[in-house]
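First the proteins, then the strands, lettered A, B, ... as listed; each starts at 1.
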Number of protein chains: 6
Amino acid sequence: MPLLKLGIPKGSLEEATIELFAQAGWNITAHARNYYPDIDDPDIRCALIRAQEMAPYVERGALDLGLTGLDWILESQAEVEPICTLTYSKASNRPSRWVLVVPQDSPIQRVEDLAGKKIATELVGFTKRYLAERGIEAVVEFSWGATEAKVVEGLVDAVVEITETGSTIRAHGLRIVEDLLITETRLIANPQAMQDPARRAKIEQIALMLQAALRARHKVALKCNVPAECLDAVVGLLPSLHAPTVSHLYDRQWLALETIVDAASVRDLVPKLSAAGAQGILEYRLNKMV
Amino acid sequence: MPLLKLGIPKGSLEEATIELFAQAGWNITAHARNYYPDIDDPDIRCALIRAQEMAPYVERGALDLGLTGLDWILESQAEVEPICTLTYSKASNRPSRWVLVVPQDSPIQRVEDLAGKKIATELVGFTKRYLAERGIEAVVEFSWGATEAKVVEGLVDAVVEITETGSTIRAHGLRIVEDLLITETRLIANPQAMQDPARRAKIEQIALMLQAALRARHKVALKCNVPAECLDAVVGLLPSLHAPTVSHLYDRQWLALETIVDAASVRDLVPKLSAAGAQGILEYRLNKMV
Amino acid sequence: MPLLKLGIPKGSLEEATIELFAQAGWNITAHARNYYPDIDDPDIRCALIRAQEMAPYVERGALDLGLTGLDWILESQAEVEPICTLTYSKASNRPSRWVLVVPQDSPIQRVEDLAGKKIATELVGFTKRYLAERGIEAVVEFSWGATEAKVVEGLVDAVVEITETGSTIRAHGLRIVEDLLITETRLIANPQAMQDPARRAKIEQIALMLQAALRARHKVALKCNVPAECLDAVVGLLPSLHAPTVSHLYDRQWLALETIVDAASVRDLVPKLSAAGAQGILEYRLNKMV
Amino acid sequence: MPLLKLGIPKGSLEEATIELFAQAGWNITAHARNYYPDIDDPDIRCALIRAQEMAPYVERGALDLGLTGLDWILESQAEVEPICTLTYSKASNRPSRWVLVVPQDSPIQRVEDLAGKKIATELVGFTKRYLAERGIEAVVEFSWGATEAKVVEGLVDAVVEITETGSTIRAHGLRIVEDLLITETRLIANPQAMQDPARRAKIEQIALMLQAALRARHKVALKCNVPAECLDAVVGLLPSLHAPTVSHLYDRQWLALETIVDAASVRDLVPKLSAAGAQGILEYRLNKMV
Amino acid sequence: MPLLKLGIPKGSLEEATIELFAQAGWNITAHARNYYPDIDDPDIRCALIRAQEMAPYVERGALDLGLTGLDWILESQAEVEPICTLTYSKASNRPSRWVLVVPQDSPIQRVEDLAGKKIATELVGFTKRYLAERGIEAVVEFSWGATEAKVVEGLVDAVVEITETGSTIRAHGLRIVEDLLITETRLIANPQAMQDPARRAKIEQIALMLQAALRARHKVALKCNVPAECLDAVVGLLPSLHAPTVSHLYDRQWLALETIVDAASVRDLVPKLSAAGAQGILEYRLNKMV
Amino acid sequence: MPLLKLGIPKGSLEEATIELFAQAGWNITAHARNYYPDIDDPDIRCALIRAQEMAPYVERGALDLGLTGLDWILESQAEVEPICTLTYSKASNRPSRWVLVVPQDSPIQRVEDLAGKKIATELVGFTKRYLAERGIEAVVEFSWGATEAKVVEGLVDAVVEITETGSTIRAHGLRIVEDLLITETRLIANPQAMQDPARRAKIEQIALMLQAALRARHKVALKCNVPAECLDAVVGLLPSLHAPTVSHLYDRQWLALETIVDAASVRDLVPKLSAAGAQGILEYRLNKMV
C-alpha cells in the first residue's frame with residue numbers, strides 16, 4: 001500500500017502536469033487500458049481526476065494530495081490545505097480568469113445589471129455566491145460547455161466563462177463586463193495527511209521539487225571570461241543575490257564568472273556585459289533550481 | 001425571422017445528425033467562427049446545443065424542435081412533446097443503456113444493495129429518482145466524466161454509466177449489476193409550437209423526411225427479369241406489402257419485376273430468387289422511402 | 001501520341017476535378033513520383049497545371065483543353081475558346097468573387113476613392129485594367145499571398161482578394177467596398193484544336209459527360225405507387241418536362257410512377273405527393289443525366 | 001457454435017475485404033480489444049489471419065473458408081479447394097506480380113543467369129521450386145521485408161518482389177528481369193467442409209453474393225426515354241444479353257428503356273444514344289448484380 | 001569507399017537509434033527516395049536492415065557493425081563479436097522478454113506440458129532449440145505476426161511472443177506460463193573487421209560515444225553554494241567516485257560545489273543537501289558522459 | 001507605438017525563425033485570428049510577410065528590420081542595409097541554390113545554349129538580368145510553382161528552380177546545367193532606421209542575440225577531470241582560443257577543466273582526451289554564445 005495518493009488533473013492540464021513531474025524527478029506513465037497512471041516511486045499511487053472534482057476527493061481523504069485550479073477549489077468549498085501555487089501551462093503566460101460576458105449591444109454594463117437575468121456557467125456555485133454577496137438576484141444555470149454559444153444564440157442574458165486573452169470572446173461579438181475571479185493552479189493536501197509526519201514529508205518533498213522545476217524554467221546560468229581589470233564593472237551588472245562564482249583561467253590574466261539570472265533579462269544583460277569587457281559569454285539552461 | 005428554431009445535438013451525435021439531415025434534404029454547415037450552423041431553408045434557424053441541455057431549452061421555447069436522447073429528457077424532467085424516435089448512430093446498431101457498474105468483487109449484487117453507498121454518475125437526477133422509487137437511500141454524486149475510473153480507483157462504491165456492448169466495462173475488471181435505462185434518440189417539440197399550424201406543419205415535414213431517410217437506410221430496391229412461366233414462383237418469394245411492379249421486356253417472353261425488401265434479407269433472398277428462375281437480379285440503394 | 005492534351009487544375013480544385021472526371025467516366029490517378037497523372041483513356045494525356053497558368057498554355061496549344069477560373073482567364077487575356085461553365089466545389093454553393101477590401105475605418109467608400117492609393121492583389125493585370133477603365137490612377141502591386149494581412153498591417157491602403165462569404169474578411173475587422181468580379185470554373189479549349197474534327201469530337205464528348213455528371217448531382221429519381229383514381233392528382237404535382245414513366249403493378253389496381261425532379265424540391269414535394277395518395281415513395285440518386 | 005469459420009486477410013487487404021462483405025450483405029466489425037471480428041450472421045465466425053498463413057489454416061480445417069492470394073496458396077502448397085477468384089483492391093486495376101529484380105547494371109539478363117547467385121525474397125518456397133524446375137542452382141534467402149533495399153545495398157544479387165506497375169522498382173535504379181508469377185485474390189475452402197451439405201451451401205451463398213457485389217462495381221443501369229420511331233435505332237446500340245426493359249410513358253408517344261451496361265462503356269455510349277434520339281438519359285449505380 | 005559499413009535497425013528501433021547517434025555525434029538522415037541513410041562521417045556508410053536480419057549480414061561481412069536484439073542474434077546463430085549492450089527504447093525502461101503464452105484456462109502449466117502441442121512464434125529457431133534442450137517434442141510453426149491472435153482463436157495451443165509488461169497479453173484473457181528469453185539491444189561486429197586496426201578503431205570510437213550518450217541520459221550535474229562551515233556535511237552526502245569540484249565564490253565565505261549524480265537520486269538528494277546548508281542548488285542536463 | 005517594426009518570413013522559414021527568436025530571448029506567438037504575431041518586447045511589433053515581399057517593405061520603411069533570402073533581395077533590387085547572415089533551417093546544412101534545369105536529353109549544355117529558348121521560374125527578374133549580363137536572349141516566364149513539372153511536361157525548354165541536394169530534380173529525369181545563385185538568409189534593415197540611434201541600438205541587440213543563439217547550436221561545453229601530471233597533454237589537445245577554465249577539485253590531486261569546442265569535433269576529441277588521461281568527461285549543450 002503506497003504512502004500517498006496523488007491526484008493528477010485529467011484533461012487540459014494533464015500533459016503539462018506529467019511533464020512537470022518528469023522534470024521534477026518522477027516519471028508518470030498514463031495507460032490506455034487502465035485508470036491508474038504508473039509512477040516510478042513506490043511511495044506514491046496516482047489517479048487521474050478531473051480538475052472540477054479534485055478538491056472534494058482531497059477533502060474527504062480519497063486523495064492525500066492533488067493539483068487543481070483555485071476556481072474549482074472555491075466552487076466546491078472543500079476544506080483542503082493549500083501547499084503552494086504552481087504556475088505552468090502550455091499556451092500562455094497570462095492568468096486565466098472567469099469573466100462576465102454579454103452581447104456587444106446588451107444593456108448590462110455592470111454586474112449589478114444582472115438582477116432578474118438568466119446566466120449560464122460551469123461555475124454555478126461560485127457565481128451564485130458572488131451575486132448573493134452583492135445582493136443581486138438572478139437565475140444561474142449550469143452549462144455543460146460551449147457556454148459562450150448560449151449568449152450568442154440568445155438562450156441566456158449573460159454567461160460566466162473562463163478566458164486568458166478574451167480574444168475568442170471578442171471575435172464572437174461579445175463583451176466582457178468584468179472579471180469575477182482570477183484563477184491559478186494549486187497543490188492542495190488533505191488536512192489529516194498533513195498531520196501524519198511521513199505523508200507530510202513526502203508532500204513537502206514533492207512541493208519542493210515541483211517548485212524547483214518551475215523555477216528552473218525562468219532562470220538560466222550565465223558564464224563569461226573577464227580580464228582581471230574589468231571584473232568589478234562586470235560584477236556590478238549582475239543581479240545575483242549571492243556573489244557569482246569566480247574562478248581563474250589557466251591563463252592567469254583572465255577570470256571565469258558564473259551566475260544565475262532571469263532568462264528574460266539575458267537579452268538586455270548580454271550587450272551590457274559585452275560592452276563592459278566580458279568575453280566568451282555563455283548561457284546554459286537549468287533543469288532544477290532550489 | 002425564421003419560422004422554426006431547431007436544436008442540433010453538439011458533440012458525439014453532431015456529425016451523424018448533420019448527415020441525416022443532408023440525406024433528408026437539408027444541408028447544414030457548421031462554421032468554426034460562429035455558433036449558428038447555416039441551413040439551406042429560410043424557415044429554419046439552427047443552434048448547436050449539448051444533448052444534456054436540449055430538453056430544457058425546448059421546454060421553455062428557446063427552441064421549437066430538437067434532437068436529444070431519452071436519457072437527458074428524463075434527467076431534465078422537461079415537459080416537451082415527443083414527435084418520433086430516430087434510430088441512428090455511427091458505431092453500432094445496439095441500443096445505448098445506462099447500467100449500474102461495480103468492481104468485479106463488490107458485494108453489490110442487486111440495486112437494493114446500494115443502500116448506504118456512494119454512487120457517481122452524470123445522470124444524477126434520474127438515478128436519484130430511480131433509487132427513491134425503490135425506497136433505496138444512497139448518496140448520488142455528479143461526475144464530470146471518466147466516471148468508470150472512479151469505481152476502479154475506489155473513490156465511490158458504484159457508478160451509473162452509459163454503454164453499448166459493455167466490453168470496455170468488462171475490460172476494466174468491472175461488473176454490470178443491472179440496466180437502469182435503455183435510451184434512444186428522440187425528436188422533441190415545444191408544446192406551444194405544436195399549437196401553431198405553421199410551425200406544426202414544418203415540424204411534421206421534418207419528421208416525415210428524417211424518417212424517410214432513416215427507412216431508406218434499411219431497405220433496397222431489387223429488380224430481376226423473370227420468364228413468364230416462373231413469375232408466380234418468384235413473386236411468391238417476395239415479402240412486399242403491395243404487389244411488385246411488373247413490366248414487360250422488349251422481348252415479350254420475359255417480365256421485369258421490381259420491389260422493395262429489407263437490405264438484411266437480400267443475402268438470403270437472392271439465392272432463392274435465382275433458384276426460382278430469376279435472372280439479371282439487381283440491387284439498388286435508396287435515398288428516401290416514405 | 002495521345003489525341004488530346006488536357007490540363008487539370010493543380011491545388012484547391014484538383015481533388016474535386018478528379019472526382020468529377022471519375023463520375024463522368026474517366027479515372028485519373030495522380031502519382032507522387034511524376035507529374036503526369038494517369039488517365040484510363042488512350043486518347044488523352046493529362047497535365048497538372050496551376051489555375052493561374054492554364055489559359056496561356058491552352059492559348060499557345062501546349063494544352064488542347066483545360067479547366068480554370070474565369071478570373072485567371074481574364075487576368076491572362078489569353079485567347080481561348082470557352083466550351084462550358086462547370087459549377088463544382090467542395091465547400092459551398094456560393095460563387096467566388098474578387099472584392100475590394102479596406103480597413104473598417106478607412107475613408108475609402110467607393111472604388112473611385114482609390115485614386116493615388118496603393119493596392120495589393122494576386123490579380124494585378126485585371127485590377128489595373130479595371131481601374132484604368134474607370135479612369136482611376138493607383139499603384140497596384142503583386143501580392144504573393146496572405147494578401148489580407150497587408151491591409152490589416154497597414155502596408156497598403158486596400159487589397160483585391162477572393163472570397164465566398166466574406167466572413168473571414170469581416171472577422172479581421174476589414175470592410176468590403178465592392179465586388180470587382182464574380183468568377184466560376186470554365187472548360188476552355190485551344191481554338192486550333194476546335195478546328196480539328198477528331199479533337200473537337202473528343203472535347204465535346206468530355207464536355208457532355210462532365211455536364212451529365214454535374215447535372216446528376218442536383219437531380220434525383222422519384223418513384224411511387226398510386227391508386228388509379230389518384231393518378232391525375234399526383235401527376236399534376238410533378239414538374240417533369242416530359243411525362244413520367246407509368247407502369248402497372250402486378251396488382252392492377254395500382255400504377256407505378258417514375259420521374260426526375262430537382263433534389264432540392266423533394267422535401268416539399270414528398271409531403272404533397274403523400275397527401276395526394278401516393279404510397280411507397282422512393283428517392284434514388286443518379287450518377288449521370290443528359 | 002457457428003456453422004462456418006471464415007478467415008479474413010489481416011493487413012493490406014483487410015479494409016477492402018470488409019467493405020466487400022458489407023456490400024455483399026454481411027457487416028463485419030473489427031475490435032481493438034479482441035481478435036474475433038463480429039459478423040452479423042450467427043452461422044459464421046470470423047478470424048483475422050495474415051494472407052501468408054491463410055491456406056495452411058484452411059487446409060487443416062482450422063478455417064472452413066478464407067480469402068488469400070494465389071501467391072501464398074502456392075507458397076504453402078496447401079491442399080485447398082478453390083471456389084472463385086475475386087478481383088478487388090483499392091489502389092489499381094492492374095494485377096500484382098512477383099518479379100525478379102536486379103540492379104540496372106547487373107549482368108543478370110535472364111532467370112538462368114541466377115546460377116550460383118544469392119536471392120532474397122519473402123516467397124522462398126515458390127522461388128526455390130521455380131528455379132529447381134528450370135535446373136538453376138542458387139541460394140534463396142528469406143527476407144523479412146524491405147526486400148528491394150537488399151539488392152540496392154549489394155547484400156544480395158537479386159530479389160523476388162511483388163509489384164503492380166514496377167515504378168518504385170525503376171525509381172530505385174533497379175531492373176525487372178522477368179515475371180515469375182501473376183497473382184490474384186482467391187476464395188478457398190477446406191475440402192472436407194465442401195463435403196458437408198450445410199457448410200457447402202453457406203460457402204456457395206457467400207461466393208454468390210461476393211461475386212454479385214464485385215460485378216455491380218463494373219456495371220451501371222442506363223435509362224432513357226425514346227420516341228417510338230427511334231426505338232430500333234437506340235436498341236441497336238445496346239449490348240444487353242437480354243432485351244432491355246421497355247415501358248410506355250404516360251404520354252404514349254414515348255417509350256422508356258432500361259438496361260445494364262459496362263460502366264466503362266458509358267462515356268462512349270451516351271453520345272451515340274443521344275445522337276440516335278434518346279432523351280433523359282440517366283445512369284444509376286448498382287449495389288449487387290447476379 | 002567508406003571504411004565501415006554500419007547497419008541501423010529498420011522499424012521500431014529506427015527512430016530511437018537515429019536519435020542516439022545524433023546525441024553521440026553522428027547525424028543520420030533517412031531519405032524516402034533511396035535506401036542508404038546519409039551520415040555526416042565519410043568513414044561510414046549506413047544501411048537500414050531489419051533487426052531480424054542484422055546478425056547474418058554482420059556475420060558474412062556485408063556489414064562491419066550493426067545494432068540488433070539478443071533475441072535475433074540467438075535466432076540466427078550468427079557468429080558475430082559482441083561489442084557492448086545498449087539500453088535504449090522509447091516506451092519503457094523494462095526489458096523485453098519472450099514469453100510462453102496460453103489461454104487462461106489451458107492445462108499447460110509448465111514448459112514441459114508443451115509435449116505434443118502446436119506452438120506459433122516468430123522466433124522459430126530459438127524456440128525449437130529451447131524445447132530440444134529440455135527434451136520436449138512439439139510442433140513449432142513460424143508466425144508472420146499477430147501471433148497472440150492465434151492462441152485466442154484456438155489455431156494453436158501456445159505462442160511464444162515478445163512483451164514488456166504483459167498487460168496486452170492479460171487483456172486478451174491469456175496467461176504467461178514462463179519467460180524463455182530476456183532480450184536487449186547489442187552492438188555487434190564482424191570478427192574480421194575487428195582484426196583490421198582501422199575498422200576496429202572506428203568501431204571502438206562509435207561504441208565509446210554511444211555509451212557516453214546513453215550514460216548522460218541517466219546522470220545530471222548538480223551544483224550548489226555552501227558556506228565554508230557546512231562543506232564537509234554537504235560533501236558527505238554526495239556519492240561521487242571522485243571528489244566534487246570545489247571553487248571559491250567571489251564572496252570568500254562561500255564555496256561552489258559541482259558533482260555528477262544519478263538523475264533518479266536527485267529528488268531524494270536535494271532535500272538533504274538543502275537541509276545540510278546548501279543553497280542555490282542547480283541541476284543541469286548532460287549530453288555526453290565518459 | 002513600438003520602436004521597431006520587424007518582418008518575420010511567413011511560410012517555410014516561419015517556424016524555424018520563431019524558434020530562433022525564442023532561443024535568442026524573444027517569445028513570438030502567432031495567432032490564427034489575426035495577422036500580428038505577439039512578441040514579449042514592447043519595443044517591437046512583428047508582421048508576418050512572405051520572404052519574396054520582405055525586401056521591398058523594408059526598403060520603403062513599412063518595416064524597419066526583416067529576415068529574408070539573398071535570392072529575394074536580389075530579385076527585388078530593393079535598397080536595404082544588410083546586417084548579418086543567419087544560417088538556420090530545419091532540413092539540411094547544405095546551402096540552397098537556384099539552378100538551371102533541363103530534361104536529361106536536352107541539347108542545352110551551358111547557359112549560353114538558352115538563346116531563343118523559353119524558361120519558367122519564380123525568380124524572373126534575377127534570371128532575366130543574369131541572362132542579359134551574358135548577352136543571352138531568351139523568354140523568361142513567371143511560374144506560380146510546380147516549376148519542375150513544366151520542363152518534365154515539355155511546356156518550356158528549361159526552368160530555374162531552387163534546390164539543396166538536387167535529388168528531386170534527378171529523380172524526375174532532369175539534369176542540372178549549372179548553378180545561378182547560392183542563397184542564404186539575411187537580416188536586413190531599412191537604411192533610415194539605421195540612422196536613428198534608438199532603432200539602430202535595438203537592431204544591433206537583435207542581431208547580437210540571434211547570432212549568439214545560432215553560434216550556441218554548433219558549440220558545446222566540455223568538462224573533464226585531469227590528474228595534475230596530465231594537464232599539459234590534455235590542454236594541448238584543446239582548440240580554445242582562450243585558455244580553458246581550470247579549477248582544483250576538493251581532492252587536490254585532480255584539476256577540473258572546462259572549455260568550449262565545436263560540437264562536430266567532440267566525437268574525435270573525446271577518445272583523444274580519454275587516452276591522454278582525462279576522466280569524467282562531460283558534454284553540455286549551450287543556449288547562447290557571444
Side-chain angles (χ1 to χ4, degrees), chain A residues 89-94 164-173 216-227 234 245-258 261-287, chain F residues 21-27 29 31-34 36 38-41 43-44 201-213 215-216 219-223 226 231-232 234-236 238 240-249 255-260 283-290:
Chain A
S89 96
K90 218 158 197 174
S92 117
N93 289 315
R94 307 197 205 177
E164 286 180 17
T165 64
S167 67
T168 306
I169 288 169
R170 283 186 298 273
H172 285 113
R217 294 183 181 182
H218 298 289
K219 299 281 182 178
V220 291
L222 221 51
K223 293 191 181 187
C224 56
N225 295 336
V226 189
V234 167
T245 314
V246 180
S247 353
H248 289 277
L249 292 191
Y250 197 64
D251 167 351
R252 287 271 144 177
Q253 305 303 108
W254 287 78
L255 296 156
L257 250 75
E258 177 170 1
V261 298
D262 283 338
S265 72
V266 172
R267 68 189 193 205
D268 293 323
L269 191 56
V270 159
K272 292 178 196 159
L273 293 175
S274 185
Q279 294 195 9
I281 305 171
L282 302 175
E283 183 192 282
Y284 292 83
R285 293 230 169 108
L286 303 174
N287 204 40
Chain F
F21 271 86
Q23 190 190 339
W26 284 273
N27 292 305
T29 319
H31 299 292
R33 284 186 192 279
N34 61 56
Y36 296 102
D38 272 353
I39 187 165
D40 62 350
D41 185 334
D43 287 346
I44 306 178
K202 194 77 202 171
I203 289 167
E204 285 173 348
Q205 178 198 14
I206 293 171
L208 177 70
M209 298 312 292
L210 291 177
Q211 288 174 299
R215 203 177 294 117
K219 299 281 181 180
V220 291
L222 221 52
K223 293 190 180 187
V226 188
L231 186 63
D232 288 342
V234 167
V235 169
L238 296 177
S240 181
L241 280 178
H242 283 285
T245 313
V246 179
S247 352
H248 289 275
L249 290 189
L255 296 155
L257 250 75
E258 177 171 1
T259 192
I260 302 299
E283 184 192 283
Y284 292 83
R285 294 231 170 108
L286 303 173
N287 204 40
K288 292 195 186 71
M289 173 174 179
V290 178

Which region of [X], side chain (C-beta onward) or backbone (N, CA, C, O), has a non-hydrogen atom less than 4.5 Å from a non-hydrogen atom of chain A, or is it both or neither?
X         : result
Met209(F) : side chain
Ala212(F) : neither
Asp41(F)  : both
Leu286(F) : both
Arg215(F) : neither

Checklist entry - Strictly by modelled atom types, are Trp254(A) and Asn225(A) linked by a side-chain donor-acceptor pair under 3.5 Å? => result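 Side chains of Trp254(A) and Asn225(A): no pair found under 3.5 Å.
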
Checklist entry - Between Lys223(A) and Glu283(A), is the closest basic N to carboxylate O distance under 4.0 Å? => result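 Here Glu283(A) does not pair with Lys223(A) in a salt bridge, since their nearest N and O are not under 4.0 Å apart.
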
Next on the checklist: Between Gln205(F) and Arg267(A) (side chain of the first, backbone of the second, donor and acceptor by atom type, cut-off under 3.5 Å), is there such a pair?
Outcome noted: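 It does hold such a pair.
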
Checklist entry - For Ser274(A), does its backbone N or O pair with a side-chain atom of Gln279(A) as donor and acceptor, under 3.5 Å? => result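 It does not hold such a pair.
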
Item to check | Atom pair CG (Asp43(F)) and CH2 (Trp26(F)), whose distance is rounded to the nearest 0.5 Å | outcome: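 Reported value, rounded in 0.5 Å steps: 10.0 Å.
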
